Structure formats: structure tokens, C-alpha cells
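Convention: sequence-line order gives letters A, B, ...; per-chain numbering from 1. Note that the coordinates shown come from a computational prediction; the quantities given were computed from them, not determined experimentally.
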Amino acid sequence: MSNVEQSKIRNFCIVAHIDHGKSTLADRIIQMTGLLTEREMQNQVLDNMDLERERGITIKAQTVRIIYKAKDGEEYIFNLIDTPGHVDFNYEVSRSLAACEGAVLVVDAAQGIEAQTLANVYLALDHDLEVFPVINKIDLPSANPDWVKNEIEDVIGIEAQDAPMISAKTGLNVEDVLEAIVNKIPAPAGDANGPLQALIFDSLYDSYKGVIIFCRIKEGSVKKGTTIQMMATGARAEVVEVGYFGPGQFIPCDELSAGMVGYITASLKNVSDTQVGDTVTDANNPCKQPLPGYKKVNPMVYCGMYPADGAHYPDLRDALEKLKLNDASLQFEPETSIALGFGFRCGFLGLLHLEIIQERLEREYNLDIVTTAPGVIYKVYKTDGEVIELTNPSNLPDPSEIDYMEEPIVTAEIMVTTEFVGAIMKLCQERRGVYLGMEYLEETRAVLRYDLPLNEIIYDFFDALKSRSRGYASFDYEMKGYQQSSLVKLDILINKEEVDALSFIVHKDTAYERGRKMCEKLKEEIPRHQFEIPIQAAIGSKVIARETVKAYRKDVLAKCYGGDITRKKKLLEKQKEGKKRMRQVGNVEIPQQAFMSVLKLDED
Amino acid sequence: MKQNGTHEKEALGLYLHIPFCLSKCNYCDFCSFAVKGDFSTVQQYVDALCNEIAAYRYLSRKYELCTIYFGGGTPSLLSVEQLSQVMDVIYKTFSVSRYTEITLECNPGTTNEDKLAGYKGCLVNRLSIGLQSVSNERLKRLGRIHTYEQFLEQYETARKVGFQNISVDLMSALPGQSLKEYETSLKTVIALAPEHISSYGLIMEEGTPFYTDKTIWESLPEEKICVAMYERTGELLTGAGYEQYEISNYCKPGMYSRHNSSYWIGTPYLGVGLNASSYLQGEEIIPVLKVEEAGRMLRFRNGDSMKEYLLCYGNRAGKGEALSAIDEVAAYQYCSRQWREIEVLSDNDRMEEFVFLGLRRLEGIRLADFEQRFQIPFRTIYQKSLRKHINLGNLMRYEKEGFKYVALTPQGMLISNQVFVDFMF
């Protein structure tokens, strides 16, 4: 495939609000360009991870390369990059966009522009991509394409009158989209003969091939035998294989040159040698400057992750490093706990991100993980003059030894549509925010600035923000510094035993409310046992909230004759499966999700 | 309780399903239909049933019937002629010994003296009568077709024609039922001295009129009362000379239901008729099985569509003649093609069943039986769960006649589902 004409390449992605038909369109495009036969098409071809299929959302960005014979008789090479649609993953979307020249914006003809439509378009425009709209689902009775076209022009400000009107489901007019990609999205620029400059936008670890880096070649070319160098880490390696992406598989080729999207393997065994956002160049003919990398994203949620069995600590570390390879937004640092031993303090983009990493650790790496309640780093000023940086609530000294405490404060910029300014201001006030100011960006968007305690935003602030603004709000913050605060440690006791994974530090004003809500949540999550289970929230020795899980006294199947046996057996097996996902705390079996559910206490 | 037949054949239970009722009770989710005055379907069904039984003649090589059970629906809707027709085919097809327990379920209001006498003449030696409650008001709310008086009449008539093995069914935990009301039913039945009493706590089943009725849910007795009803049952019945031999079943000494016991101890059984379940050993000749599945125990059931059943086994289009003309292996293979939801049991499946079915019996499970059946000691597999539930007071160990047993305690019986979960894989 070395005789690839750069002018015939189109690197693009499809962006849309959830369920507007992005993946269906991607499937249809793959189907129509003939790389897969009808029979080979599984449902939603690009989502080839089990997890994704279960949740019905795309998590990992994946790329596929297809050939399109256009109306002008020429063959074009399309590199279609699939992007995730969930709000937690704006960062993933951003990385994929950096590999493209254009974006196809899909809008549902009945729903019109929605939150993520805007968010994605702004991101694409920020990356200088050529964006053209496509109106989808015109086969629906409630479709109103003309109205949607006007909305696009008014709100976003891009041309929409000749936007293809399609039904990705039936295939109607999808050809128009393919032609538009040829005509509206520019071919990539870049000198194939210049020094190699390739952007790593993703990577994968394979036990045989080592790290597989996904690159967009901006300048130059690379092939087997080239000695490449990572400009940020300095690591060097000889290229073993280059290639491009078929659906769900890697297809080797001779050479990748400017404008192309593909993968490189170079027997890179050390996962820390490659960094997403880094530039790959030729060690013997390096380029002068690295490409602009990515902004380091701020995690929104932290928690402690510990291996259930301490002996698996190295496996956990290994797994986290490998996950980070293709999930640059994951952050982690070692930490310890008296109760749980050695583990990591991990940072995530949101609660969904946390859950997904947790599931991937369990499923792909077979690790049993205990997750602690998220927290931040506090400064504890002891009466004896010592100052402690507290990462773990369990390490909080006795109150009698504490002079005062400080908590980290951030300055946050919240972008929201004007409709929801009031709701968001209320949310910030609830979270002990201090109002700094507000500006209007356009008629429809405003930026609010607040100082907020970090520990008020690490749980579910982001989710609350999204839900109270119907997805329109976005949020960024910077550390401001530490501030003195009246903080207390809230403990949770289940059946009179302290569960340190559930302890955390709160402001004394919110302690009662927090404690009450947690007890209520836990009561819902913990199943009945043969004995009564008291659930208590306490500050020191003072119990501030209490709920009780009543004991069950009767759980018996009255009749079990011939026809009942199979059904009963399946029921018992299912209950047994459920139990396996429980954590034993003393005599009480607590479902895994109980630990997570106490993080989602926001009421709409 | 493994019975060896007189001809050194293995024991087999036979269950026959009669899916017809005069009307459906409000809590019932069994496979049954109201016969709306048109009894011609019943005869068609009986003909089909006979053809199905005859089609299983291959099994009589290996098995002898130790129990026969007519369940439903309302088996007592069968006329004496119809029952006789079925019994004829059974006796022609299988070996039946004179010790075979032959049970027929009855609903009060569907029989008279002639009919009961006729049933006895067909060699039915056990009746199971559904009473549920002695309160006429209660019976109406349950959607039952009879009064207490009609039950009494049927019971006394049964005695008159000579039935010496009668079981009566009662229900507890009914909506709006008080402990006192339930006790009254218990005491009334005890006074009649049937050989066997079953008492079942109501289960709210999806698809029944009860399930979709909010007022029913709201008036179900609270857990405390249900527990009291259960405990009271044991107290009153034990005091009156009954022995509890299973979670819901009590009998005068020796008068336990042999057919139902076979479910809990793992005796094979064949179910014929609509939706009937079976538990049989697989064989090479069964087309749907893979080679490695041939010797394993199977569970399967018949379909629940009357139309399909009549098509498969009914007399129309000469099906009956055709089935009797082919050789017994071909006939058995034909039957196997009608099986649904076939489950090939692994050793783990069978161990699980051994435990959660065996523990339903008060006697519990005999450890030597487990070891013989699975070639591995019970302790090796289940040490942890055993210890846990002994410590919680749910299980006990005891020895009898040199054999070691594990059984549920009264406390454990009440929460037996929680115990069973820990014995699943």
C-alpha cells in the first residue's frame, strides 16, 4: 500500500449527541465501502469490547480504514475514527480529534441540537477541524430537517442548507455523506519526504508485540527498520511493523507516510516509554519540534484502590500502568492504609470513568479490588507543632492533638447555558462555594467563577452539574491553595464495626446531612441478614445518624415438586452469583455497589 | 428409599398432567385452562395422553413404576371411563406392582359417590384433596369453586367408598388471614384425621390475578405472622399424631407421599401431558444428545401449548396408530423430539440438587448416600458452608442406625433459602 496518494486521504471522525446515530452511521459507512460483507457485520462493528456492548456506549476510541470509490471515479482512503459519546470522556474525544482534518456532525432530525452536539462541535472547532453537518433519522415521522438545519446555522454558525439528509438505519442517502467527506474535508497536508513527525493519539499493550502505538503521521514517513525516537521520553526503538486498521484487526503494510493514520510496533516492552500526546520521530533524521501535545486533564474524582489480597499489589500496579497506556486520563499514585495495606490513590474523570476502570481491572486483569471513599489531601496542624499531609482519613490523629486543619480550595470556571445559571449557582452554594463573578460569552452561554472546596467537588459534583444543566455545563478548575476549615472525620459503622473504606473527612456543617444520607443509602444497598444490622454514622464516639436493616425471619420455598426444580435451582445459582460480588465486613455481606452508591448522594 | 422393582428393574415415578379446571383460582399459576362447558377437548386430550404413554414403552425395559400421580389442573374432572382408559394404557405399557402408590388430585365439587367409587375401581389408592381453608368467605376470595360443606361431603364419601389414604391441602399467609383463622382451619382438618396434610404458605406468582392486585399485596400478613402460622402448624400437627417429614408436608406414621418424596431423593420420573417435567437418564439413542451426554441425567419438560400437544400425540390423522406401529426405539426418539428446555446435569448440578432437595426432608441428607453417588465425601466439598450454618444454628448433624446425617433445624427450615445458596456453585 505504498502508492498512497496523500490527496486521496480523508481523516475524519463522527461526532454527535448520544443516540443521534453516530455508531449506526459508522457501521453503514463501513458496510458501504465494502471492507466487510453483510454476513461479517456484527452489530455496531466498532464497539468490539465486551464491556462496551453491555453498556451500549463506546468507551475506547477505535479507528478503521476503508476505501471509497467516489463519483469522480477516484479511490479515496477514509480513516474513520470512532469517538466515545459519554460526557465523562471529553478527553478521549479530544485525542481522536487531533488525528483528523474533519468531523461529520450527526444531528437527529427529530431532536435537533442537544447538549453533547454543542460540546463536541466546540471541541472540533477548537481543533481547527472542518465540520459539516448531516441530518439523520429523516425516516422518523417526527423528523423536521428544515428546522434542524436552521437551528444548526443559528446556534453553531456553520453552513447547513446542503447538509445530507439521511437515515443511517436504512442507508438512505448515506452516499451523500461519503461524497461530502471527499469534497468538504481537506486532504491532510504534510511533506512525506520531510523528517518524521507523528502524533501518538492512543496505544495498546499486546503481550507479544509490546506497546502498539496509534499514530497520525503529520510529516515524513516510517517503515519497518526505521529507528524511532519518542521525543518526550527519549526512548528509542527499531520499528518491527507498521500498518493500518481493519475493523477489529490490525493490517500490516510497508510504509506509513504523511497524512496517514495507522499503528507502529517496535518491541516496546516498557509501558512508560510511550506517552499519549508524545511525538514520534526518526532517530537518524529527527524533526525540530515536537507536535503540541495534550493538555493534562484534571481528575474530578479520586479514590483509593486496594487489591483485596495484598499479594496482588504488583499485579494491580502493572494493570494500572497498562490501562494508562490507552487511557491517559487515568492518574494514580501509591498510598497505604492501616486496614487495607498497600494500594493506590487514583484520579478519574468522573464516577462512570471510575466504575469502568474498576470493571476493567476485574474483568481484564482478574483483580479483586476494594475501593475506598474518595478524598483529597488535607493539612493537619497538630498541637505539638507537627504538620501532617493527610491523604487517608484513617490516619487522622486524635482530635485532642489537632490544633486546626486546612483543606484545598480550587477556583472553578463553569460554562453553562444561561437557562441554567440559577440552578448551577444554587448547586455551588450548596457545596460551600464562594461566588467570584460571572461573564456572558454569547447570548446563550455564561461563565461562572467560584471558589470551591475540592472535597465538595470530587464525588458527584460533576454529575450533579451535568444533570442540573441537562448536560450543557462544562467545568474546569485550578488549585488555589489551602484554607482553614472546620473539618471532622465521619466514620461509618456497620453492625458496630467501623468500615474504614467508608470513612471520610467532611466540613462540620455538612456532616449531619452527609452522614444521614449515607446511612439511608447503605440501608437500601445492604441485603437483610439473619440478624439485625445497625448502620451508624459517627464523629468520634458520637453517633449522628442511624438506620437499621431488619433481620429476615422467613425465606423458604413452600413447594418444590418436579416442575419447580429447574426454576428453583436457577434462582439459587443467581443468588449465589450475587453473593460473590459481596465484601465480607465482619459478619455482614456488603455488595460491591454499596461502596460506590454512597458516592452518588446528590438529589435532583 | 430406593425401591427395587420385583423384576430387578429400576424405580420410576410417573406423573400425568390434567390441565383442565372448572375455573382458575386467583393465586394459581399452574398450567391449566377453564373448561367452558366444552368437554370434547378433554377427551381429545385423554386420547393424546394415552398415545404419549404408549410411545414411551421403551422405558419399560429398564424401569418399573413405583408411583403414579395424576396432577393438574383438576384431575377429578376426568370421568371414570377416561381414567380407566388411561390406567389401561399405563398397565399395558409398564410394569406396575401392587405396592405402587397411585394418587389422584381432587377438587371438592367435581365428584360424587359413583365417581369416587369408580376411581377406586381403577386402582387409585390415594386421594389428595385441595381444601385450602374451612372459611367459605375465604374460599370465595381465593376464587375456589367449592364451599367447606362440599369438601366435607367429598371427604366423607371418599371414606365411605373405602379410601384409606387421603391427603388434605391447606394454605397459610393468605391476604387478610389472621393466625386465628388459620388455626381454625388446621384444627378442623385435624379433627377429620386424614392420613396426610400439606400446608403451603401463599406464593405470589406473576401472571395471576392476585399478583396484579395492589389490595392483595397490601393485605398480606406481615412476616412475623407468617412465621407464627408456620410454627403453629408444626405444633398442632405434632400434637395430633402427625410427623413433619418435609418443609410443608405432615403425615401419620408411614403415610408420607412416596411420589413427592421421589422428587427430593432423586428417583427418576417421567412426566406426560402438557408442561409435565421429567428427570431421566439420557441414552445414546436420543438424537438431540451429544455423545458425551449420553449417560448423564436429564431434566426436561413437555411444551405448554394444547394445540401442539394434540398435534404431536392426538388421534387425528392417525397419529396414535402410527406411533404404535413403529418400534419402541423409534417411538422413544419421537417423544424425545418433543422435549423442551433439556438440561444435561453436570455433577455440580446434581450435587446442588442433592442438597437443596434433600434438605427439604426433615430427615435431611445421609452423608454416605452423597459419597456413594458422587464418589467424594460431603465434607470435602462443603466443609465451609456446613460449618457456617452449624454455627448459625441452621443445620445440625446427627447419627441414626450407624449413619451420619445433616439436616435443617426448625430455625434453618424457616430460612432454608439462605442456607441453600451457600451450597450452590
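For A:Leu571, no part lies under 4.5 angstrom from a heavy atom of chain B. The part of B:Leu345 that comes within reach of chain A is its side chain, from C-beta onward, which places non-hydrogen atoms under 4.5 angstrom from that chain. Contacts between B:Tyr279 and chain A at a heavy-atom distance below 4.5 Å are absent for every atom of the residue. Using a 4.5 Å cut-off between heavy atoms, A:Lys559 touches chain B through backbone and side chain atoms alike. The part of B:Phe425 that comes within reach of chain A is its backbone (N, CA, C, O), which places non-hydrogen atoms under 4.5 angstrom from that chain. Heavy-atom distances place both the backbone and the side chain of B:Leu392 under 4.5 Å from chain A. Only the side chain of B:Tyr269 comes within contact range of chain A, with heavy atoms under 4.5 Å apart. Of the two parts of B:Glu353, only the side chain, counted from C-beta on, holds a non-hydrogen atom closer than 4.5 Å to a non-hydrogen atom of chain A. Contact annotation for B:Ile415: both backbone and side-chain heavy atoms come within less than 4.5 Å of a heavy atom of chain A. Looking at B:Asn275, there are no atoms closer than 4.5 Å to chain A (heavy atoms on both sides), in backbone or side chain.
Rounding to the nearest 0.5 Å gives a distance of 9.5 Å between CE of B:Met229 and NZ of A:Lys554. Separating the OH atom in A:Tyr561 from the OG atom in B:Ser262 is a distance of 11.5 Å, to the nearest 0.5 Å.
Formation of a donor-acceptor pair under 3.5 Å by the A:Lys576 side chain with backbone atoms of B:Met424 is found in this model. B:Trp264 contributes a side-chain N or O that, together with a main-chain N or O of A:Cys560, makes up a donor-acceptor pair within less than 3.5 Å.
Heavy-atom contacts from other residues, nucleotides or ligands closer than 6.0 Å to CZ of B:Arg232 number more than 12. Heavy-atom contacts from other residues, nucleotides or ligands closer than 6.0 Å to NZ of B:Lys388 number more than 12. For A:Tyr552, the OH atom sits in a packed shell: over 12 heavy atoms of surrounding residues, nucleotides or ligands are nearer than 6.0 Å.
Checked options B:Glu206, B:Glu205, B:Glu343; the residue passing with A:Arg567 is B:Glu205 (criterion: salt bridge (charged side-chain N to carboxylate O under 4.0 Å, His left out)).
Here the closest heavy-atom approach between residue A:Gly563 and residue B:Ser277 is recorded as CA-OG, 3.1 Å.
Taking chain A as the reference chain and counting heavy-atom pairs below 4.5 Å, the highest number among B:Arg299, B:His17, B:Arg360, B:Gln411 is found for B:Arg360. Put simply, of A:Thr566, A:Leu572, A:Asp564, the one with the most heavy-atom pairs under 4.5 Å next to chain B is A:Leu572. Residue with the most contacts toward chain A among B:Ala276, B:Ser416, B:Ser278: B:Ser416 (heavy-atom pairs, distance under 4.5 Å).
In this structure, A:Ile565 and B:Phe356 have side chains that are in contact, with non-hydrogen atoms separated by less than 4.5 Å. No side-chain heavy atom of A:Glu577 sits under 4.5 Å from any side-chain heavy atom of B:Val421. Inter-residue side-chain proximity for A:Lys568 and B:Asn417 is flagged as met; some heavy-atom pair is nearer than 4.5 Å. Here the side chains of B:Asn394 and A:Gln530 are in contact, with some heavy-atom distance below 4.5 Å.
Using a 4.0 Å cut-off between a side-chain N of Lys or Arg and a carboxylate O of Asp or Glu, B:Glu352 and A:Lys569 do not qualify as a salt bridge. Looking at A:Arg528 and B:Glu223, a side-chain N of the basic residue comes within less than 4.0 Å of a carboxylate O on the acidic one, giving a salt bridge.
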**OP:** Show the numbers, then the answer: is there a side-chain contact (heavy atoms from CB on, under 4.5 Å) between B:Ile203 and A:Leu557?
**Re:** CA-CA 8 Å; B:Ile203 303 173; A:Leu557 181 63; 3.9 Å; yes
**OP:** List the steps and the verdict of side-chain contact (heavy atoms from CB on, under 4.5 Å) for A:Glu573 and B:Asp349.
**Re:** CA-CA 10 Å; A:Glu573 282 170 353; B:Asp349 286 326; 3.8 Å; yes
